J.: 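Sending over a structure as structure tokens; questions will come in a sec.
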There are 2 protein chains.
Amino acid sequence: MVSAILPLMADTHGPAEPSLEEQIAAYQREFQGLDPQVERVVSALSRLNRRMNVAYGRQTAELGISNAEWEVLKALVLAGEPYRLGPGDLARRLGLTPAAMTHRIDRMVAEGLVTRERDESNRVRVIVGITEEGRAKWLEGLRMATVFEEELLQDLSGDERAQLGAMLTRLLRRVEEAQPDAGGRLTDLD
Amino acid sequence: MVSAILPLMADTHGPAEPSLEEQIAAYQREFQGLDPQVERVVSALSRLNRRMNVAYGRQTAELGISNAEWEVLKALVLAGEPYRLGPGDLARRLGLTPAAMTHRIDRMVAEGLVTRERDESNRVRVIVGITEEGRAKWLEGLRMATVFEEELLQDLSGDERAQLGAMLTRLLRRVEEAQPDAGGRLTDLD
DNA sequence: GCTTCGAAGTTTAGGTCTGAAGTCTTCAAG
DNA sequence: CTTGAAGACTTCAGACCTAAACTTCGAAGC
């Protein structure tokens, strides 16, 4: 395993990334007819996600795993009893190719996070299960994530959280209709 | 350049990714004491972002470039006159390492999207500029993106869009305070 | 003026992903 | 029973990234 996921990048001085408002102003300047309202929503979504992934990456790094590995553990736990899935299933759920799944499982078996066995009733199939250690790391990662998430939302009242959740769900439904094929590389955690 | 960015993944039948509501229910089952309200917001954010990147990837693929390359073009345009930046600046703005920036610029120069010259007044520095073709592809990509984004938000009224933008901005401000060091690998577009 | 330090880019080694080409097993049809 | 086709996983080649070593130029101190 390779220690950290985070490009520290806290490099030097010099122009950093423009702020959201600066970016919107620049867009207005370079492309007339862009709706700032829409741009703000889309850009904020994207930036928020990036920051969240940085936060998750720091947390999983503390556990000695990567975001990608935590994702696999999550999929296994959320699958429910008996906490086992085939590589193909996992690949579909995580949105990556079977080839990538094979490699990822290789690493995770070597680290003792999951097990890999052949299905005796159908010897083409492979079954991936979670180990005690894997389950423990999943849980600890989740605990850290909830602390972060609570802090993230702390300025929003209960009503606001509900409204935000409802609006995001509506947007999600709309894209899912437009993109019925699942997909998308999953760099993210949820 | 490598054609497409999109794992088509529209593979076969078989269990796909669980729906958002299924996932929240599974979380409740496996981890008592998780706030579903928070979970919905966070998971919806993450899924939305993934879908958006898939959409952007399809659009940039139509232009024969990658999301990553479009990001570079965007940074150059948003920098404003004279539309030139050094590799270091670009790397900071895009949130990647200088080494990655060197390679990316190599490819983009070969494709005629940007130019690379030495700064004559300080021969350590390199200056990257955008070509006509690069600018045209940026613009066309932006046009496609705005169509998609307008469609994405079409169910929301003007008021709702404003509310959503305001709430997301508040969340963003909070994470930015907590993570003053810029950073984060940029897989995303905004 | 030389020397040394620091900043900017590039190069190199190694890791993880995609896409395409295998390999092996099962199942259904002849 | 045999054979062909489909499915599940793995292997291989290539793309793009990070981290770290290296190269070069410019600026400050003696």
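All chains are named by letter (A, B, ...) in the order of the sequence lines, taking the proteins before the strands, and each is independently numbered beginning at 1. Computed from a predicted model, the values in this text were never measured in an experiment. Side chains included, hydrogens not; waters and symmetry mates left out as well; all remaining heavy atoms used.
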J.: How many Å lie between CG on A/L85 and P on D/dC9, as a whole number?
T.: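 Between P of D/dC9 and CG of A/L85: 11 Å.
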J.: Could you tell me the separation between the CG atom of B/L172 and the CG atom of A/L152, rounded to the nearest 0.5 Å?
T.: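 The distance works out to 9.5 Å.
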J.: Between D/dC9 atom C1' and A/L96 atom CG, what is the distance in whole Å?
T.: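 Those two atoms, CG and C1', are 14 Å apart.
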J.: Check the phosphate of C/dC17 against A/R107, side-chain N and O only, distance under 4.0 Å to OP1 or OP2. Yes or no?
T.: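 Affirmative; the distance criterion is met.
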J.: Quickly work out the A/R92 CZ to D/dA8 C1' distance and round it to whole Å.
T.: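 After rounding, the reported distance stands at 10 Å.
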J.: Within the 4.5 Å heavy-atom criterion, are B/R93 and B/K74 side-chain neighbours or not?
T.: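 B/R93 vs B/K74: side chains apart.
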J.: Is the closest side-chain heavy-atom distance between A/K137 and A/E69 below 4.5 Å?
T.: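 Heavy-atom side-chain distance check fails, nothing below 4.5 Å.
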J.: Can you tell me how far apart CD1 (B/I127) and CZ (B/R116) are? Round to the nearest 0.5 Å.
T.: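 That separation rounds to 12.5 Å.
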J.: Using only side-chain N and O atoms of B/R123, determine if any of them is under 4.0 Å from OP1 or OP2 of D/dG26.
T.: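 For D/dG26, OP1/OP2 do not have a side-chain N/O of B/R123 under 4.0 Å.
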J.: Between D/dT18, D/dG26, C/dG19, spot the one nearest the side chain of A/T97, thanks.
T.: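 Given the options D/dT18, D/dG26, C/dG19, the side chain of A/T97 is closest to C/dG19.
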J.: Name the orientation class of the two ring planes belonging to A/W70 and A/W138 (parallel below 30°, tilted from 30 to 60°, perpendicular beyond 60°).
T.: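 Ring orientation of A/W70 relative to A/W138: parallel.
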J.: Report the distance from atom CE of B/M144 to atom CG of B/L63, rounding to the nearest 0.5 Å.
T.: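 Here the rounded value is 3.5 Å.
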J.: Whole angstroms only, please: what is the CE-C1' distance between A/M108 and C/dG15?
T.: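 In whole Å, C/dG15 C1' and A/M108 CE are 16 Å from each other.
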J.: Please report the distance, rounded to the nearest Å, between CG in B/N122 and C1' in D/dT24.
T.: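 Those two atoms, CG and C1', are 11 Å apart.
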J.: Let me have a per-nucleotide readout for nucleotides 9-14 of chain C, 5' to 3', with B, S or -, counting only protein heavy atoms under 4.0 Å.
T.: SBBB--
J.: Return the value, rounded to whole Å, for the distance between atom CD of B/E111 and atom C1' of D/dC16.
T.: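 Nearest whole value for this atom pair: 13 Å.
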J.: D/dC17 P sits how many Å from B/E71 CD, rounded?
T.: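 Taking atom P of D/dC17 as the reference, CD of B/E71 is at 12 Å.
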J.: Stepwise, does the salt bridge (Lys or Arg N to Asp or Glu O under 4.0 Å) test hold for A/E30 with B/R135?
T.: CA-CA 11 Å; A/E30 298 292 337; B/R135 175 127 199 157; 2.8 Å; yes
J.: Quick one: B/D119 CG to D/dC25 P, roughly how many Å, whole number?
T.: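 For the pair B/D119 CG and D/dC25 P, the rounded distance is 13 Å.
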J.: Reckon A/R104 has a side-chain N or O less than 4.0 Å from the OP1 or OP2 of C/dC17?
T.: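 Checking C/dC17 against A/R104, a side-chain N or O does come within under 4.0 Å of OP1 or OP2.
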